[in-house]
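All residue numbers in this chain count up from 1 along the given sequence.
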Amino acid sequence: MICFIGGLGLSEVLVIALVVLLFFGGKKIPELMKGLGKGVRSFKDGMKEVQSGLDDDSKEETKKEEEKK
C-alpha cells in the first residue's frame, strides 16, 4: 500500500494529512492536487520525448555505421 512506502506508517500519514488540511484548507487541496497531477504528467511526457530522441539518435548512428561497412 502507498501509505507504508518509505517507512511511513499510517499514523504519520494521518498527521501529515491533518497538517496539510489545516495549512491549506479544504478548498485549496483539490487545486493543489490538480496542479501536482499536471506537473507529473508534463514530466512523464518530457521523459518520453527525451527517450524517443535518444532512440532516434542511436538508430541514425547504427545506419551510418552500416553504410561505412
Would you give me the side-chain donor-acceptor pairs under 3.5 Å for residues 40-54, sequence neighbours excluded?
unit_1, atom_1, unit_2, atom_2, d
Q51, NE2, D55, OD1, 3.3
S52, OG, K48, O, 3.3
S52, OG, E49, O, 2.9

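- V15 and V13 fall into different hydrophobic clusters, defined by Ile, Leu, Val, Met, Phe, Trp and Tyr side-chain heavy atoms under 4.5 Å apart, directly or through other members.
- With hydrophobic clusters built from ILVMFWY side chains whose heavy atoms lie under 4.5 angstrom apart, L21 shares a cluster with F23.
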Start with the C-alpha distance between E31 and K34, add both sets of side-chain angles, then the distance that settles salt bridge (Lys or Arg N to Asp or Glu O under 4.0 Å), and finish with yes or no. CA-CA 5 Å; E31 294 173 19; K34 184 178 178 181; over 6 Å; no
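- Under the 4.5 Å side-chain heavy-atom criterion for grouping Ile, Leu, Val, Met, Phe, Trp and Tyr, I16 is connected to M33 within one hydrophobic cluster.
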